[in-house]
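Okay, so here's the structure we're looking at.
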Amino acid sequence: FDAVAEYFFFEEFGTRFNFIAIDYLIYTKEVLRTIRESYPMEKIFGCIFLLAGLLLLLVREPLAASYRYASVFRQRIPAGAGLFLVPVVSLAFVNASWAHISGNNYANELSANGIYNLAAAFRNNELDYGSFYLTRNEENVFQRLRRLLPEGSGSASPLHGIVRDVHPAGPENRYNVILVVEESLSAEYLGVFGNSEGLTPNFDRLSVDSIFFRRLYATGTRTVRGLEAITLSMPPLPGTAIVKRPDNSGMFSWGTLMREKGYDTRFLYAGYSYFDNMKSFFSENGFTVVDRGDFSSGEVSFSNAWGVSDEDLFVKVIREAGKSYATGRPFFHVVMTTSNHRPFTYPQGKIDIPSGTGREGGVKYADFAVGRFLDQARREPWFPDTVFVFVADHCAGSAGKVALPVERYHIPMFVYSPAHLQPRRVDTMASQIDIAPTILGLLNVGYRTKFLGKDILQTAPAEERAFLSTYQKLAFLRGNRLTVLSPKRGVESYIVTNPGDHLSPSRPVEADVTDAIAYYQGADYLYHHRHDPAPR
């Protein structure tokens with residue numbers, strides 16, 4: 001059973017069992033339904049039982065003989081103790097990093113043991129940065145971090161202070177904001193990035209009609225990583241995302257900021273938001289949560305394991321926007337889609353790819369739903385004064401020959417408001433943590449901030465950088481140089497060559513290492529000390 005399960009897991013994620021598998025053991029409702037809708041389970045289980053039965057026939061004689069062997073309990077103690085010590089010793093001394101036998105990540109994964117990896121992921125759900133990663137003197141870290149941040153944060157601040165004031169150049173624009181986080185929308189699927197399959201005509205059209213950010217990178221490989229970066233504007237921490245951690249309230253978030261500005265703030269999700277702890281995180285950090293449980297039966301035309309279809313979700317978004325608009329308050333809605341996710345099922349007859357046949361259909365249907373959403377929104381009274389943001393949570397797949405294939409983190413972003421924003425193309429390298437400061441900059445919002453991100457539109461070429469991560473590796477991308485921090489205080493450096501999934505080892509650049517540590521060590525400190533009084 002394990003061998004078969006690992007085969008399909010590896011086919012989907014390019015890795016042995018890891019923390020994703022832990023999540024799947026916790027959120028069984030969505031996962032079991034997804035598995036049933038994605039794979040021929042009757043045939044798979046039939047083959048497993050057949051093979052197990054054949055093996056049982058082969059060993060039935062020695063097995064029966066073992067039952068006939070007579071012994072007393074004290075005779076069995078030495079052998080039992082020895083067998084018991086095997087997992088105990090392996091738990092204490094065997095490290096999953098021993099499987100790293102090559103520079104090829106696929107080879108490392110194949111050399112690993114899936115069950116051991118599963119246990120290791122369960123134990124290491126959260127990694128303490130100070131215990132496992134390279135650190136520097138705290139005072140030096142925060143001095144450097146303040147110099148890296150904009151808005152004059154290098155002034156005389158307390159030792160660990162990054163609080164600073166953003167002063168806009170003009171009057172504040174109290175436009176509505178609808179931020180749509182598209183499930184698994186890799187840049188590689190869009191025609192504007194060279195894809196020739198014609199999957200994204202609406203997004204390709206948006207690339208002409210909006211402010212189109214061409215060099216944006218996701219911080220991680222999971223939805224919660226993307227949501228964390230977008231709402232908190234901070235680099236990823238090792239281990240699991242903050243969204244999933246039990247103590248994640250009281251964060252300085254985009255939602256709390258907008259709520260303080262008088263906005264009606266909502267998080268709308270197509271599925272049940274208990275998944276990945278999203279309900280707790282968003283409700284405790286400035287949002288009202290609207291999820292699958294808030295849809296009436298008449299509002300659902302199609303659903304699968306992960307939630308209602310993107311079309312149904314967008315109809316709900318328009319209705320919720322109407323409610324907010326009726327109060328006379330501007331609104332800020334964050335929307336998380338699910339249709340571009342296995343099992344890739346959606347209403348039949350909407351696109352020319354049959355439902356449930358693969359990722360291409362999921363992408364094309366997601367694009368179709370966005371086009372329909374904008375067509376419907378244009379008929380609403382709140383449309384002229386609304387800024388629409390479309391961005392991916394992460395790429396469709398992150399597996400590659402190297403542990404951090406840069407191109408597998410490349411995502412698009414579109415900012416669309418025809419009445420207020422002039423279309424243009426932005427080629428500045430940026431991160432998901434920069435989205436909140438950028439949109440706030442477009443709105444000319446003045447605010448006191450703790451964000452670690454920057455306004456992309458105000459970033460000089462010399463200040464470009466992005467953040468990438470896996471469960472344990474924390475990367476800092478500057479130009480074509482990738483600096484990677486890893487457990488056991490490891491530092492690696494690579495030159496990124498085209499295509500972006502090829503990395504050539506190089507000597508670390510001290511300035512890159514210093515800046516990477518400043519961001520990651522600083523973010524870890526700020527997360528663990530967020531309940532301390534904010535410096536003024």
Side-chain angles (χ1 to χ4, degrees), residues 129 133 135-169 213 215-217 219 228-237 242 251-254 256-258 260 426 428-469 474-479 481 483 485 509-530 532-536:
Y129 183 92
Y133 293 83
T135 60
R136 298 278 169 85
N137 175 272
E138 280 186 2
E139 182 174 359
N140 294 337
V141 162
F142 275 88
Q143 285 179 351
R144 182 59 185 164
L145 184 58
R146 285 192 289 271
R147 285 196 294 270
L148 290 169
L149 296 176
E151 292 92 37
S153 57
S155 59
S157 299
L159 172 60
H160 301 110
I162 62 161
V163 176
R164 67 264 186 212
D165 294 313
V166 178
H167 300 288
F213 295 82
R215 297 181 65 206
L216 189 74
Y217 290 90
T219 59
E228 165 193 79
I230 292 168
T231 55
L232 301 180
S233 185
M234 66 184 296
L237 302 181
I242 290 172
M251 305 293 295
F252 179 78
S253 78
W254 196 358
T256 55
L257 174 60
M258 297 297 270
E260 289 172 2
V426 179
T428 303
M429 178 195 292
S431 169
Q432 281 175 320
I433 77 168
D434 301 319
I435 295 173
T438 302
I439 303 305
L440 291 168
L442 287 170
L443 298 178
N444 278 332
V445 174
Y447 59 103
R448 176 159 286 190
T449 182
K450 298 180 187 178
F451 288 155
L452 297 181
K454 302 178 179 182
D455 184 342
I456 303 170
L457 299 175
Q458 304 299 323
T459 301
E463 299 172 345
E464 296 179 10
R465 83 288 173 269
F467 305 91
L468 291 66
S469 72
L474 308 173
F476 179 75
L477 179 64
R478 173 179 281 156
R481 303 190 306 271
T483 302
L485 307 179
V509 176
E510 181 58 29
D512 292 348
V513 175
T514 298
D515 291 352
I517 293 173
Y519 273 112
Y520 285 116
Q521 184 178 340
D524 179 77
Y525 181 94
L526 293 168
Y527 166 70
H528 287 289
H529 294 81
R530 65 189 180 280
D532 295 348
R536 297 287 178 178

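These values consider heavy atoms only, across backbone and side chains, with no hydrogens, waters or symmetry-generated copies.
Two residues are said to be in side-chain contact when any heavy atoms from C-beta on lie closer than 4.5 Å; Leu452 and Leu145 meet this criterion. Put simply, the side chain of Leu457 reaches to within 4.5 Å of the side chain of Phe213, judged on heavy atoms. Contact annotation: the side chain of Gln432 never approaches that of Glu228 to less than 4.5 Å [non-hydrogen atoms, C-beta and beyond]. Counting only heavy atoms from C-beta outward, the side chains of Asp524 and Tyr133 never approach each other to under 4.5 Å. Annotation: side chain of Asp515 is not in contact with side chain of Thr483 (no heavy-atom distance under 4.5 Å). For the pair Tyr129 and Leu237, the minimum side-chain heavy-atom distance is 4.5 Å or more. At least one side-chain heavy atom of Arg465 sits less than 4.5 Å from a side-chain heavy atom of Lys454. Two residues are said to be in side-chain contact when any heavy atoms from C-beta on lie closer than 4.5 Å; Arg144 and Arg136 fail this criterion.
The distance between the ring centers of Phe467 and Tyr519 falls below 6.0 angstrom.
Remark: Arg215 pairs with Glu464 by the salt bridge (charged side-chain N to carboxylate O under 4.0 Å, His left out) rule, at least two apart or across chains. Partners of Thr459 under the side-chain hydrogen bond (donor to acceptor under 3.5 Å, both in side chains) rule, at least two apart in sequence or in another chain, do not exist in this structure.
With values rounded to the nearest 0.5 angstrom, Glu463 atom CD is found 9.0 Å from Leu148 atom CG. Interatomic distance, OG1 of Thr428 versus CD1 of Ile456, reported as 7.5 Å (0.5 Å rounding). The line from CD1 of Ile439 to CG of Asp455 is 9.0 Å long, rounded to the nearest 0.5 Å.
Taking all atoms of both residues into account, the shortest heavy-atom contact from Ile433 to Ser233 is O-OG, 2.6 Å. Summarising the geometry of Phe451 relative to Pro437, their closest heavy-atom pair is CD1-CG, 4.1 Å, with the distance given to 0.1 Å. Heavy atoms only, all atoms of each residue included: Ala169 and Asn444 are closest at N-OD1, 4.4 Å.
Listed for the Tyr520 side chain is no donor-acceptor partner under 3.5 Å among the backbone atoms of Thr135.
Results of the side-chain contact (heavy atoms from CB on, under 4.5 Å) test with Phe252 over Val163, Leu526, Thr449 single out Thr449 as the only residue that passes.
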